[in-house]
Structures are given as C-alpha cells and as structure tokens.
Engineer: 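Take a look at this one; I'll ask things after.
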Amino acid sequence: MLKIKDIEKYIDDPLLDSIFREREEELYIECKNEDEDIIEIKQNYDIDCEKLINKIKNLPPHFNNTREEIIKSLDKYVMRENLIMAHDNEKFYKAGFCDGIRIILENLKNK
C-alpha cells in the first residue's frame, strides 16, 4: 500500500491549502441552509452564546465585576473552540483528500 510519503511529491502544501480553502467556502455556503439534523439538535439544546450573555447580564448589580469577567471568559472560550474546530476540520479534510489520492494511485498501480 502507498504511504503519504509516496505521494508527497504529487501534492504540495500550497495546492492542498488552495483546494481546502475553495472547498471550505463551498461548504460554508451549502451549510447556510441547515439540514434537519442540525435543526433538531438546536431545538433539543436550545442555548447559544447570546442567551448566555443575556442571562449573565441579568445578574444582580453587586456582581458587576464578576459579570464582566464571565462574559470575557465566555468570549475567549467560544473563540478557542471555534479555532480548534476549524483546525480539526482542515486537518481531517486534508487527510481525507490524501487518502482519496492514495486510493486512486493504488488503483492505478494495480492496473
């Protein structure tokens, strides 16, 4: 079976990055129209960052300092999770792409 190192010369990082960015944009547009599974998940877990911030803002006045720190921490947490998810998506997309190329090359090799 071919290894990634066997096909590295056929796939350079700038090309793979370009393909990933193009596909990422296509998927973003497609995902704007959420499928039924996502809609159901959102209905079953009806909470989002905006609702949390509104609840935090409604804390009694003597929690002013705590309220601001919680909001800052929540913003940082959401940003961190989004960045991690984006990194994982890119990594798995590129790995999947390389796996597809590996399968194609293996089939061509066996013919």
Side-chain angles (χ1 to χ4, degrees):
M1 172 168 269
L2 290 173
K3 305 275 187 225
I4 291 288
K5 65 180 181 177
D6 297 329
I7 63 173
E8 282 177 341
K9 62 184 174 191
Y10 299 106
I11 304 171
D12 62 349
D13 284 336
L15 176 62
L16 194 52
D17 287 340
S18 173
I19 292 169
F20 173 75
R21 297 287 172 236
E22 187 176 304
R23 185 65 177 133
E24 183 180 42
E25 288 177 24
E26 290 172 10
L27 289 174
Y28 177 76
I29 291 168
E30 288 177 20
C31 289
K32 281 187 174 181
N33 302 322
E34 294 177 320
D35 63 26
E36 292 179 15
D37 292 336
I38 298 296
I39 292 170
E40 184 178 344
I41 290 169
K42 286 184 175 182
Q43 288 171 344
N44 291 339
Y45 297 92
D46 185 29
I47 193 68
D48 59 29
C49 193
E50 188 176 323
K51 287 180 183 179
L52 285 173
I53 289 175
N54 285 334
K55 289 178 181 185
I56 293 167
K57 286 181 178 179
N58 287 325
L59 289 172
H62 61 277
F63 288 110
N64 280 342
N65 291 339
T66 304
R67 178 184 312 128
E68 294 306 316
E69 288 302 315
I70 292 171
I71 291 172
K72 285 179 189 175
S73 295
L74 183 59
D75 285 342
K76 285 173 111 175
Y77 174 77
V78 168
M79 178 59 76
R80 184 191 77 177
E81 292 302 305
N82 286 339
L83 291 171
I84 290 170
M85 190 176 358
H87 173 76
D88 284 347
N89 287 343
E90 182 173 352
K91 179 175 65 176
F92 290 118
Y93 178 85
K94 288 179 178 181
F97 183 81
C98 288
D99 289 344
I101 295 294
R102 183 183 305 132
I103 290 169
I104 291 168
L105 291 175
E106 188 68 31
N107 283 332
L108 290 173
K109 179 181 166 186
N110 290 332
K111 285 186 177 185

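These values consider heavy atoms only, across backbone and side chains, with no hydrogens, waters or symmetry-generated copies.
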Engineer: Side chains of E69 and N65: does their closest heavy-atom pair fall under 4.5 Å?
Structural biologist: no
Engineer: Side-chain heavy atoms nearer than 4.5 Å, only ILVMFWY residues, links allowed to pass through others: does that put L74 and I47 together?
Structural biologist: yes
Engineer: Apart from M79 itself, what residues make up its hydrophobic cluster, given side-chain heavy atom links below 4.5 Å?
Structural biologist: L83
Engineer: Less than 4.5 Å apart, any side-chain heavy atom of I41 and any of Y45?
Structural biologist: yes
Engineer: Would you please name every residue forming a side-chain contact (heavy atoms from CB on, under 4.5 Å) with E22, sequence neighbours left out?
Structural biologist: E26
Engineer: Is K42 close to I39 at the side-chain level, that is, under 4.5 Å between some pair of heavy atoms?
Structural biologist: no
Engineer: Using 4.0 Å as the upper bound for N to carboxylate O, is an ion pair formed by R23 and E90?
Structural biologist: no
Engineer: Anything under 3.5 Å between a donor and an acceptor, one on a side chain of residues 49-59, the other on a protein residue two or more places apart or in another chain? List them.
Structural biologist:
| residue | atom | partner | partner atom | Å |
| --- | --- | --- | --- | --- |
| K51 | NZ | D46 | OD1 | 2.6 |
| K51 | NZ | D46 | OD2 | 3.1 |
| N54 | ND2 | E50 | O | 3.4 |
| N58 | ND2 | N54 | O | 3.1 |

Engineer: Taking C-beta and beyond as the side chain, do I71 and R67 meet within less than 4.5 Å on heavy atoms?
Structural biologist: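 Counting from C-beta outward, I71 and R67 do come under 4.5 Å.
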Engineer: Keeping D75 on the side-chain end and K72 on the backbone end, is there a donor-acceptor pair under 3.5 Å?
Structural biologist: no
